[in-house]
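To start, the structure under review is shown below, and the notes come after it.
Any value given below was found using the heavy atoms of this structure, including those in side chains, with hydrogens, waters and symmetry copies removed. Here is the naming used below: chain letters follow the sequence lines, and residue numbers restart at 1 for every chain.
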Number of protein chains: 2
Amino acid sequence: MAKARDHGRAAALRAASEVREWHREADVVVVGYGAAGACAALGAREAGARVLVLERASGGGGTSANSTGEIYLGGGTPVQQACGFEDSPEAMFAYLMASCGPNPDEAKIRLYSDSSVDHYHWLVAQGVPFKPTFYGEGSYVFTDDCLAWSGSELNTRYAALAKPAPRGHTVQREGIVAGGELMRALCEASVAAGVEIATDCRVETLVQDDERRIVGVVARIDGAPRCIRARGGVVLCAGGFVNNREMVERHAPWLWRCRMRMGVEGDDGRGIRMGLGAGGDAIRMDAGCIVMPFTVPKQHVKGVLVNLQGQRFINEDAYQSDVGEAALRTQDGQVYLILDHELYERPFPPVEIAAVGDTIEEVERELGMPEGELQHTVAYYNRHAARGEDPLFGKTAELLKPLTRPPFAALDYRVDHSLWSVFTMGGLHTSIDGEVITPDGDVVPGLFAAGRTTSGLAAQGYSSGLSLADATFFGRRAGARAASQASDAAPGGSPAGAGETIGAAAIGQKS
Amino acid sequence: MAKARDHGRAAALRAASEVREWHREADVVVVGYGAAGACAALGAREAGARVLVLERASGGGGTSANSTGEIYLGGGTPVQQACGFEDSPEAMFAYLMASCGPNPDEAKIRLYSDSSVDHYHWLVAQGVPFKPTFYGEGSYVFTDDCLAWSGSELNTRYAALAKPAPRGHTVQREGIVAGGELMRALCEASVAAGVEIATDCRVETLVQDDERRIVGVVARIDGAPRCIRARGGVVLCAGGFVNNREMVERHAPWLWRCRMRMGVEGDDGRGIRMGLGAGGDAIRMDAGCIVMPFTVPKQHVKGVLVNLQGQRFINEDAYQSDVGEAALRTQDGQVYLILDHELYERPFPPVEIAAVGDTIEEVERELGMPEGELQHTVAYYNRHAARGEDPLFGKTAELLKPLTRPPFAALDYRVDHSLWSVFTMGGLHTSIDGEVITPDGDVVPGLFAAGRTTSGLAAQGYSSGLSLADATFFGRRAGARAASQASDAAPGGSPAGAGETIGAAAIGQKS
């Protein structure tokens with residue numbers, strides 16, 4: 001029997017009748033202080049609730065602070081307009097429905113597409129800076145520009161379904177880790193709004209009353225368990241489970257093969273396990289966002305990805321997590337990128353050259369591939385690329401270039417040999433208001449969740465920026481709904497000590 | 001929010017303190033009377049418990065009775081010996097570990113491999129008939145013979161890891177639905193052992209006491225809810241969830257595309273949802289056994305399976321659910337089988353011919369495939385097949401035959417055009433004793449599960465006979481463990497009315 005001792009118990013509920021005293025109380029208790037937690041807190045404060053955020057690390061930020069700071073927004077945002085791109089909620093909805101499945105959450109996608117422009121304005125009102133400039137293509141924005149093509153909108157398949165528009169909105173900051181700037185803004189806004197924050201405070205489990213309503217949490221503070229009451233509800237914003245090996249192997253074992261796990265230590269599935277213990281349902285637990293990092297420099301996308309049989313298996317310009325998922329699930333992570341001298345440039349991150357030769361035949365032989373197949377693949381690709389066509393997979397014409405300039409090289413993108421990255425996408429099943437849903441489709445009273453603790457806009461498939469979209473938009477809604485359930489909350493009231501971040505010691509005292 | 005009203009609520013627990021009266025009581029209550037339920041009942045009776053089986057249909061059998069009646073057994077069974085095959089627990093273990101993953105449950109596979117010969121004898125002792133004769137290859141045994149190659153044991157990849165042996169043991173009965181004979185034997189054995197059985201009795205939810213132990217069930221009998229106490233434990237043997245569309249779409253949406261769902265109406269996930277409601281964990285919920293039915297007649301395996309690009313993507317002689325999974329997940333279910341005149345025979349089940357031509361080029365054109373690719377694929381295949389080689393995928397030499405005799409045909413095995421079948425493989429996480437495990441790795445006191453309600457020997461991947469292996473072996477163990485927890489059970493005692501199947505009315509009376 002698998003024990004998950006390293007990550008502690010979380011699913012075992014505490015009965016409210018066993019709570020001797022409540023050390024503290026708030027209308028809404030938010031577990032986790034990444035983007036979802038901060039927005040849940042802000043949403044609850046807007047609704048007039050007294051809010052307490054409990055964060056296990058020594059400061060706010062979570063995985064969001066380490067991210068690119070790109071948020072998927074569209075439907076005609078001011079930035080899209082300033083950059084000369086037309087977009088509509090309908091086009092955004094059509095694209096997300098087609099690319100976030102199979103079977104994405106239509107209600108979430110509908111609401112988010114319709115509300116995305118409003119959400120942009122709300123983020124700006126919280127102090128999140130966006131520069132109204134267009135960066136271009138790619139999931140990473142290396143400058144302080146904002147708008148980028150962050151998904152597969154331009155791909156033939158999706159462009160036929162919905163008018164394409166770039167929707168990746170990266171927070172204004174130089175460099176590719178703009179998530180720090182996002183979290184700086186959201187944390188400052190939280191403090192300014194009167195949200196109380198306790199750090200170094202790990203929530204251990206949920207407290208349930210006799211009627212199966214979640215009424216609080218048990219948190220470990222200074223080594224001792226403390227019971228904290230939530231009058232309206234608890235919002236779980238505790239990240240995903242990519243750093244819990246047992247959970248990954250139980251639900252999505254193939255993801256563990258990716259060496260770079262995108263998450264902080266707290267992404268150990270504790271939030272999901274707490275939600276399960278309270279009666280929630282975890283869905284799409286096998287889904288992950290897998291990135292095989294072959295797209296920097298950009299012209300490498302003009303190369304040819306092949307499997308061990310020397311065959312192509314996807315259009316190389318598909319969204320990078322689609323490439324990653326196809327490469328891992330359908331090719332067992334055994335793929336090479338074939339380039340010619342004209343295309344080759346030092347890749348980032350670095351990767352080994354598996355073979356090099358003056359002819360494709362030499363490369364094929366060096367890779368130990370079945371005789372003739374790679375030669376056929378490249379010859380077929382070249383013949384059609386010269387005409388601007390990719391009859392096999394429909395790669396965009398601008399990215400088609402015959403591989404003709406020797407020497408030729410095969411970059412080793414096998415999963416065990418290069419730096420694939422991954423995060424989990426499965427999690428608690430929630431309503432559009434962040435309510436945690438049971439396997440029967442009922443609501444768990446008093447319990448809410450948002451961000452990577454939940455299954456979000458993208459059930460599977462992905463476009464860059466959807467994680468922060470989920471976290472910020474549905475985090476805010478979850479906080480607001482939890483606040484609405486603190487029936488006698490004093491509107492606009494603040495708890496003692498609100499408006500500043502306090503240490504664990506402060507909360508250890510009885511309120 | 002998704003409501004699962006059609007399939008009723010199951011995850012909402014009933015508190016024991018709310019139970020006004022127990023209408024009936026047993027040491028062990030078994031939910032479901034398929035192979036897992038019958039063996040759980042037998043296992044509990046062997047341990048001296050009073051056992052009550054509750055079945056929602058009007059008789060025993062469940063999906064097991066509609067199955068092929070093939071049980072995966074090995075390690076040197078009398079049938080294997082009589083047929084001249086050597087096998088060992090080690091070889092069986094090595095094969096199952098390699099083919100039932102990624103990340104199969106090693107403890108279950110270890111125990112089952114070591115205990116398989118004993119389990120064979122136990123089944124025989126229950127009256128399950130096996131004829132000590134060898135049938136041959138294939139997942140379906142059309143005669144009353146027993147032993148068959150039921151998995152991928154002979155495939156190059158697995159044969160290199162473990163000495164191959166045929167391990168499919170089909171119950172003796174003419175025809176391919178020998179599961180009826182298995183269930184006849186197990187039901188007769190249950191009655192003879194003094195198991196009490198109530199049919200037309202749908203279990204609605206579990207009853208939990210103040211210490212979170214499962215102490216009974218609420219069952220709907222004659223339209224009224226009745227509380228039934230389980231002194232030792234409840235064993236959930238209620239099948240999988242293939243017939244609950246909402247659950248499939250939530251956890252494994254791609255499976256829903258297969259038109260033939262292998263399960264009875266009761267396979268609606270109720271057992272899994274009850275287990276989740278009690279604090280259990282459901283794992284590998286995306287996994288399914290997918291059969292693309294192209295292997296009858298057998299020589300069709302000598303044909304070539306291609307995707308929409310005209311490429312091969314797997315060795316056609318892989319185990320048929322491996323082919324099905326690859327075809328559905330990696331090729332979006334869009335595949336054709338290419339045959340020549342020499343190989344073609346009327347397929348079973350019937351399937352459309354998508355294209356026919358005097359040359360492969362004609363077939364390629366008729367299928368609308370990229371120009372030249374299918375021609376290349378077949379030419380390459382033929383050239384190597386003539387030498388007994390398949391450098392691309394390692395298909396067995398005996399099955400390699402160049403496709404040279406016109407006319408050529410493409411059979412339409414696209415998932416929306418042919419009769420793919422499927423069952424779900426995900427379910428409750430259980431120990432080797434059938435204890436239901438929480439997301440933290442703890443045991444849910446008083447709750448056990450077996451069969452398709454659980455994730456079993458094959459976490460993913462599959463070989464024919466593993467479902468009935470899971471059901472019969474781990475069902476028996478779950479029953480025995482539940483019995484051991486009815487501390488003051490009278491060994492050998494029988495409840496009033498035991499030893500016969502009773503109708504719902506009888507159980508409606510207070511005991």
**Item:** Enclosure of R110(A) CZ (heavy-atom neighbours >12, cutoff 6.0 Å)
**Value:** yes
**Residue among Q460(A), H251(A), H376(A) with most heavy-atom pairs under 4.5 Å to chain B** = H376(A)
**Message:** I'd like to know which of D433(A), L392(A), I272(A), I314(A) tops the heavy-atom pair count under 4.5 Å against chain B.
**Reply:** L392(A)
**Minimum heavy-atom distance between R312(A) and Q311(B), given as atom pair plus value** = O-NE2, 3.2 Å
**Request:** Sort R270(B) into side chain, backbone, both or neither according to what part of it lies under 4.5 angstrom from a heavy atom of chain A.
**Result:** neither
**Asked** How long is the span from the CZ atom in R273(B) to the OG1 atom in T438(A), to the nearest 0.5 Å?
**Response** 9.0 Å
**Request:** Please determine, among W254(A), Y380(A), F393(A), the option with the most heavy-atom pairs under 4.5 Å with chain B.
**Result:** Y380(A)
**Item:** Per-residue contacts, residues 279-288 of chain A versus chain B, heavy atoms under 4.5 Å
**Value:** D281(A), A282(A), I283(A), R284(A), D286(A)
**Complete:** Given Q309(B), E373(B), E249(B), the one with more heavy-atom pairs under 4.5 angstrom with chain A than any other is E373(B)
**Prompt:** For A11(B), is it the side chain, the backbone, both, or neither that has a heavy atom closer than 4.5 Å to a heavy atom of chain A?
**Reply:** both
**Prompt:** Going through the distances and angles, do R329(B) and T330(A) end up as a side-chain contact (heavy atoms from CB on, under 4.5 Å)?
**Reply:** CA-CA 7 Å; R329(B) 286 190 95 132; T330(A) 79; 5.9 Å; no
**Item:** Straight-line distance of E389(A) CD to E371(B) CD, nearest 0.5 Å
**Value:** 9.5 Å
**Request:** Please state whether the side chain, the backbone, both or neither of A10(A) comes within less than 4.5 Å of a heavy atom of chain B.
**Result:** both
**Message:** So which residue, D105(A), L13(A), L276(A), D210(A), ends up with the most heavy-atom pairs under 4.5 Å with chain B?
**Reply:** L13(A)
**Fill in**
When every non-hydrogen atom of N103(B) is compared with those of P253(A), the smallest separation belongs to CB-CB, 3.6 Å
